[in-house]
Amino acid sequence: MLRFHTCERETRALFAALNEMAESFGSSFTVVQVTADDTTTQIWIALAKPSQALTLVLAAVPEGWSAEVLNVALTAAQQRMFEQLNLQPGDVRRVDKPK
C-alpha cells in the first residue's frame, strides 16, 4: 500500500510555491480577441498579465488561430461579472456575446 506523508514544512513550501506562481500571473483580467481561420472573432479573458494572457489563450484555441491583447478598460459591471467566474491565476475563458 502506498502512503503519502506530507510534513508541515513541505505543506508550507507547496503553498508558498503556489502563491508565487499565482503572483507571477498577476491579479487582473486581460481581454484577448481571437480570430479563427474563417475570420470570425471571439473575445476571451485571462486572469494573467497581457504577455502571458496571449500565450494562455493561444494554447486554448485551435492551432493556426491568431490572437491579440485588447487595450480596454473594464467597466465596474464587467469586472464584477468576470470576478464571479472564480477564475484562478492563469485561467482563460471565452466570453460569449450577450443575446
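FYI, the numbering just counts along the sequence from 1.
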Worksheet, complete the sentence: Residues at least two apart in sequence or cross-chain that pass side-chain contact (heavy atoms from CB on, under 4.5 Å) with Ala60, listed by chain then number, are Trp44, Val92
Please report, to 0.1 Å, the donor-acceptor pairs under 3.5 Å made by any side chain of residues 81-91, with sequence neighbours excluded.
unit_1 : atom_1 : unit_2 : atom_2 : d
Glu83  : OE2    : Gln79  : NE2    : 3.0
Asp91  : OD2    : Gln88  : N      : 2.7

Worksheet, complete the sentence: When every non-hydrogen atom of Asp37 is compared with those of Gly64, the smallest separation belongs to OD1-O, 3.6 Å
Discussion item. Could you report the tightest heavy-atom contact between Val32 and Ala53, atom names first, then the distance?
Written reply: CG2-CB, 4.2 Å
Practice prompt. With sequence neighbours excluded, tell me which residues meet salt bridge (charged side-chain N to carboxylate O under 4.0 Å, His left out) with Arg93.
Written response: none
Fill in: Atom of Leu58, atom of Ala67 and distance for their closest heavy-atom approach
CD2-CB, 3.7 Å
Worksheet item: How far apart are the closest heavy atoms of Ala48 and Leu56, and which atoms are they?
Response: CB-CD1, 3.8 Å
Discussion item. Please list all pairs meeting side chain to side chain donor-acceptor pair (under 3.5 Å) that have one or both residues in residues 54-65, counting only residues at least two apart or in different chains.
Written reply: none
For residues 68-77, dump all side-chain donor-acceptor pairs below 3.5 Å to protein atoms at least two apart in sequence or in another chain.
unit_1 : atom_1 : unit_2 : atom_2 : d
Thr75  : OG1    : Gln78  : N      : 3.0
Thr75  : OG1    : Gln78  : OE1    : 3.3

Worksheet entry | Which residues share a side-chain contact (heavy atoms from CB on, under 4.5 Å) with Thr35, sequence neighbours left out | Gln33, Thr41, Ser66
